[in-house]
Amino acid sequence: MSKQKKQSFLGGAAILTAAVVIVKLIGAVYKLPLNNILGSVGKTYFDTAYLIYNFLMIFSTAGLPLAISKLTSQAHAQGRENQKRKIFSTSVWLFFILGLVGSLLMFFGAEQLAAFEENPMAAQAIRALAPAVFCVCLLACMRGYTQGQGNMKPTAISQVLEALCKVCIGLPLAWFILQKCRETAVSQQLAQTGSDGVEYVAAGAILGVTVGTILSLAFLIVYLVTHHSKTESLDTPDPSGTIMKSVLAIGIPITLGNSALGIINLIDTKIVMGQLQNALLLSETEAALLNGQYRMAMDMPNMVASFVYPVTMSLIPFAAAAMAQKDTAKANSIISSAFRLIAILALPAGVGLSVLSTPIMRLLLPTQQEDALAAGPHLQILGIALVFICLMILTNAILQTYGKEKLPIFTVIAGGITKIVMNYILVGNPDINIHGAPISTLCCYMVIVGLNLFFVWKYSPEKPRYLQIFLKPVAASVLMGAAAWAVHGFAARALAGHSAYLANAAATFCGILAGVVVYAVLVIALRILRAEDVRSIPHGETLIKLLHLK
C-alpha cells in the first residue's frame, strides 16, 4: 500500500512538473512575440494590469486552495466521502464571493486603479482582465479539491489549456487590433493626444488570459460533473462553520506571506511611473516607454528563473521528510546539494544574460530594435539579479522546511522597502532616471538573500559552508562569461557587413554555444557536480551513470 501511494505521489508530481514546463514554454512563446507587438509603451499598460490582477489573485487564491487540498486529502485518506463533498460545497461559495468582489473591483474601478499606478491609460487592459479574477478563484478551489484527492491531471490539463489560449487568442487579437488602429482614422485622432491606440492593443492581448481562464473553468466544471463520486458513505461531515474556520486558519497566514511581494510590486510600479512623471516631468506616454523597456528586460530573469528553480526545489520534500525522521545528516546533505545545484544552474544563466544582454535583447525584439538597445543595459544588471532571485526562492523553501515559515515574510518586506526607497531616490534623479529601477531590483533581492542565508545558517543543525559551495561555480561562471563575450565579439566583427539582425543572431548563438561548452568542461574538470547532488531528482541515477559522477 505504501509503495502504491509513493508511486501515486511521484506520478502526480511528475504530471504537475510536466505541466509547469509546458506552461512555461508556452508562456515564452507568448511573451516574446507579444513584446514585439506591444512595444515598450504597450508593455507598461499590459504589465500594470497584470500586476493588479496578480495581487488580487494571490490575495484570494495563494493559501486557501492549499488549505482545501490539505483538508480534502485528510478526508480522502480517512474515507470520509461526505466530508470531502462538504469541504468543496462550503469552500466554493467563499471563492465565488472573493472572485466576484475582485472582478467587480477591477471592472468598475479600472480608472481608479490605473490612476493609482500613475498610468491612467492602462484602464482598458485592467478592465479586459477583470473577469479572469472570478474565474481563477473558482479554478483555484476546484484544483485544490482534485489535488487533495491525489488527482493532478485536471489541474495539469486546465493549466495547459489556459496557457494555450493566451497564445492562440491573445496574440492574434493584439495583432489584429494593432493593424486596425494603424489603418483607421481613430488611430490618427489618438496620435494627436500622444497615443497610437496601443492601450487597446494591450487590452486585446490580455483578453487572451481572460478567455483562457473561462475555458479552463468550463473544462473543470465539466470534469467534476462527469467524474462526480457516487460512493455512499455513512460519515457525518463537520459543520460548515467549522470547515470555514479550518480553511481560513490554514490559508490566511500563507496568503499574507505571499501577498507581501505583490503589494510591494504595486507600490514600486506606482513610484517608478510617478517619479518619471512628477520628478522628471515626463508625459505618461514617455514614462510608459521607459518603464516598458525596463519591464521587457525583467521578463528574461523571470522566465529563466521559472525553469531553473524547480530543479532544485524538487529536493526540498526529501529534506522535509529527513527532518521529520530526525535524520539531520541526510537533511543537511540534501540542502547542500540544493545549494550546489542552484549555483551550478543560476550562476551561469545570470552571468550569460549579463555579458550578452544587449545582443540577447536585439535577438528577441526584431521589430523593436530601439527598445532592445535601451533594454540591454537593464538586463546587464538584472542578469545578476537572476542569481539572487533563484537563491531567494530556494532559501525561502529551506526556511519553511525548518519550520520558520514567518521569516521569509519579514525578509521579503525588508527587501521590498529597500526597493521602494531606492527607486524613489534613483529614478527621481535626472542623471539616473529609469536605470535606477534595475539597480533597486538587484539590491532588493540581495537584501532578501543576505538575510535568508543568515537565518539558514543560524537554524541549520550543521552550518552550511557557503564559500565552499559557491566558490567553484562562481569561478566557472566568470570564465564562461568571458568566453561567451569574446566569441560573440569575434563573430560579430567577422559577420560585419551582413544583415544587422542576422549577424547579431549568429554571433549571439556562437557566444552562447561557446559559453555552454566552456562551462560544461569546467564543471567536469573542477568536479563541481557530484553524484549526491542529482541522486534525489527524477532519473537521478540514470544521470549519474551517463555523466560518470562520483
Side-chain angles (χ1 to χ4, degrees), residues 40-41 43-55 58 113-122 258-302 305 350 353-354 357 361 371 374-389 391-392 409-452:
S40 53
V41 176
K43 175 67 172 174
T44 290
Y45 302 148
F46 182 94
D47 277 8
T48 297
Y50 220 87
L51 282 173
I52 294 170
Y53 165 73
N54 272 339
F55 169 70
I58 290 171
L113 290 169
F116 173 79
E117 289 292 283
E118 305 287 350
N119 200 1
M121 294 180 73
N258 290 339
S259 297
L261 195 56
I263 296 171
I264 289 166
N265 284 333
L266 282 174
I267 297 173
D268 180 57
T269 300
K270 173 182 174 63
I271 289 174
V272 170
M273 288 294 293
Q275 287 295 86
L276 289 173
Q277 294 175 73
N278 301 326
L280 304 186
L281 304 179
L282 300 179
S283 67
E284 182 189 343
T285 302
E286 291 170 333
L289 184 145
L290 293 178
N291 183 65
Q293 291 166 348
Y294 160 67
R295 301 298 305 183
M296 284 178 170
M298 192 66 211
D299 278 346
M300 288 305 299
N302 288 336
L353 285 178
S354 185
S357 56
M361 293 307 302
D371 288 337
H378 299 322
L379 184 57
Q380 193 170 32
I381 298 170
L382 294 172
I384 305 304
L386 165 64
V387 178
F388 293 94
I389 292 172
L391 281 172
M392 176 195 72
I409 300 174
F410 295 111
T411 59
V412 166
I413 291 174
I417 293 172
T418 301
K419 182 177 173 67
I420 289 170
V421 172
M422 289 188 68
N423 263 340
Y424 187 83
I425 296 171
L426 296 178
V427 176
N429 186 327
D431 296 326
I432 301 175
N433 60 68
I434 193 60
H435 295 288
I439 294 172
S440 67
T441 297
L442 173 60
C443 293
C444 165
Y445 289 111
M446 288 178 68
V447 167
I448 295 171
V449 170
L451 292 171
N452 280 2

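The first residue of the sequence shown is numbered 1, and numbering continues consecutively from there.
- Contact record, S357 with Q380: CB-N, 3.5 Å, taken as the closest heavy-atom pair.
- Y294 pairs by the side-chain hydrogen bond (donor to acceptor under 3.5 Å, both in side chains) definition with T441, not counting sequence neighbours.
- Nearest approach of A114 to A122, heavy atoms of both residues: CB-C, 4.2 Å.
- Evaluation of the side-chain hydrogen bond (donor to acceptor under 3.5 Å, both in side chains) rule for N291 yields T44 as partners, not counting sequence neighbours.
- Among residues two or more places apart in sequence or in another chain, the side chain to side chain contact (heavy atoms under 4.5 Å, CB included) test is passed with A414 by V447, L451.
- Listed here is the closest heavy atom pair of N278 and L281: O-CD2, 3.5 Å.
- Each salt bridge (Lys or Arg N to Asp or Glu O under 4.0 Å) pair with one or both residues in residues 282-297, not counting sequence neighbours, appears once here: D47-R295.
- Between atom CE of residue M361 and atom CE of residue M296 there is a gap of 7.0 Å, rounded to the nearest 0.5 Å.
- The CG atom of N452 sits 4.0 Å away from the OG1 atom of T411 when rounded to the nearest 0.5 Å.
- When the side chain to side chain contact (heavy atoms under 4.5 Å, CB included) test is applied to L442, the partners found at least two apart in sequence or on another chain are I381, I384, A385, F388, M446.
- A salt bridge links D299 with K43: at least one charged nitrogen is closer than 4.0 Å to a carboxylate oxygen.
- Checked against ring-ring contact (aromatic ring centres under 6.0 Å, His included), F116 has no partners two or more places apart in sequence or in another chain.
- In this structure, CG in L276 is found 10.5 Å from OG in S283, a value given to the nearest 0.5 Å.
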For residues 424-435, dump all side-chain donor-acceptor pairs below 3.5 Å to protein atoms at least two apart in sequence or in another chain.
| unit_1 | atom_1 | unit_2 | atom_2 | d |
| --- | --- | --- | --- | --- |
| N429 | OD1 | D431 | N | 2.9 |
| N433 | ND2 | P430 | O | 3.3 |

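- Annotation: side chain to side chain contact (heavy atoms under 4.5 Å, CB included) contacts of A297 (sequence neighbours excluded): A375, H378, L379, L382.
- Shown here are the side-chain hydrogen bond (donor to acceptor under 3.5 Å, both in side chains) partners of D268, two or more places apart in sequence or in another chain: K419, N423.
- Considering only residues two or more places apart in sequence or on other chains, E118 meets the salt bridge (charged side-chain N to carboxylate O under 4.0 Å, His left out) condition with K270.
- For the atom pair CD1 of I413 and CD1 of I264, the computed distance is 6.5 Å after rounding to the nearest 0.5 Å.
- Across all their heavy atoms, M273 and A288 have their closest contact at CE-N, 3.9 Å.
- When all heavy atoms of C444 and G415 are compared, the closest pair comes out as SG-O, 3.3 Å.
- Within the model, atoms OH of Y445 and CG of L386 stand 10.5 Å from one another, a figure rounded to the nearest 0.5 Å.
- Not a single donor-acceptor pair under 3.5 Å links the side chain of T269 to the backbone N or O of L266.
- Relative ring orientation between Y53 and Y50 is described as perpendicular, the plane-to-plane angle rising above 60° on a 0-90° scale split at 30° and 60°.
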